[in-house]
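Hydrogens, waters and symmetry mates play no part in the numbers below; they use all other heavy atoms, side chains included. Every value quoted in this text rests on a predicted model; they were computed, and no experiment measured them. In this chain, residues are counted from 1 in sequence order.
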Amino acid sequence: MDKVAIARLHAALCTKHKCEARWLKTVHVRETRDGAAIWDGDVEVFDVALPNARRAYAWSHEIEGSDARVHIVLGAAPIVSPADAVRAVLHDEDRLPH
């Protein structure tokens, strides 16, 4: 992901959670179901200073016919990795079984 996109995610994270954040790294996550990819992309990992989380995971993706959708998930149990964050969003969107 380019620096401008990371800066946008950083700003969205800081605004949403009213916290300071520091970018750590980009992690590629691929989720499959029945052998087919249901999500394949990069997740940005940030250090945050919040009472309930030390990490945050953020990414965006294009939605046909609209602006990009931004996802921000705090790293608090049971979310302990970028893959966990993606699975949580997919589950909420009913793209993964309950």
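Heavy-atom minimum distance, Arg55 versus Val45: CD-CG1, 3.8 Å. Of all heavy-atom pairs spanning Cys19 and Ala49, the tightest one is CB-O, 4.4 Å. Heavy-atom minimum distance, Tyr57 versus Gly75: CE1-CA, 3.7 Å. Closest of all the heavy-atom pairs between Ala76 and Asn52 is CB-O, 3.3 Å. The two atoms that bring Thr26 and Glu44 nearest to each other are OG1-OE1, 2.5 Å, heavy atoms only. Contact detail for Pro82 and Val29: the closest heavy-atom pair is CB-CG2, 3.9 Å.
Going from atom NZ of Lys18 over to atom CG of Leu50 covers 11.5 Å, rounded to the nearest 0.5 Å. A distance of 6.0 Å separates SG of Cys14 from CD of Glu20, quoted to the nearest 0.5 Å. If you take NE2 on His17 and CD1 on Ile72, they are separated by 5.5 Å, rounding to the nearest 0.5 Å. Note: His71 NE2 to Leu90 CG = 8.0 Å, rounded to the nearest 0.5 Å. Here the CD atom belonging to Glu31 is positioned 6.0 Å from the CD1 atom belonging to Ile38, to the nearest 0.5 angstrom.
Residues Asp84 and Pro78 are not in side-chain contact: their nearest non-hydrogen atoms beyond the backbone lie 4.5 Å or more apart. Between Trp59 and Val86 there is a side-chain heavy-atom pair separated by less than 4.5 Å.
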Checklist entry - Checking side chain to side chain contact (heavy atoms under 4.5 Å, CB included) for the pair Leu9/Val70: CA distance, chi angles, key distance, verdict? => result CA-CA 8 Å; Leu9 291 172; Val70 172; 3.7 Å; yes

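Both Val43 and Leu24 are members of a single hydrophobic cluster when ILVMFWY side chains are connected at heavy-atom separations under 4.5 Å.
Checked by atom type and distance alone, the side chain of His10 pairs as donor or acceptor with a backbone atom of Ala21 at under 3.5 Å.
For Asp40, the side chain to side chain contact (heavy atoms under 4.5 Å, CB included) partners at least two apart in sequence or on another chain are His28, Arg30.
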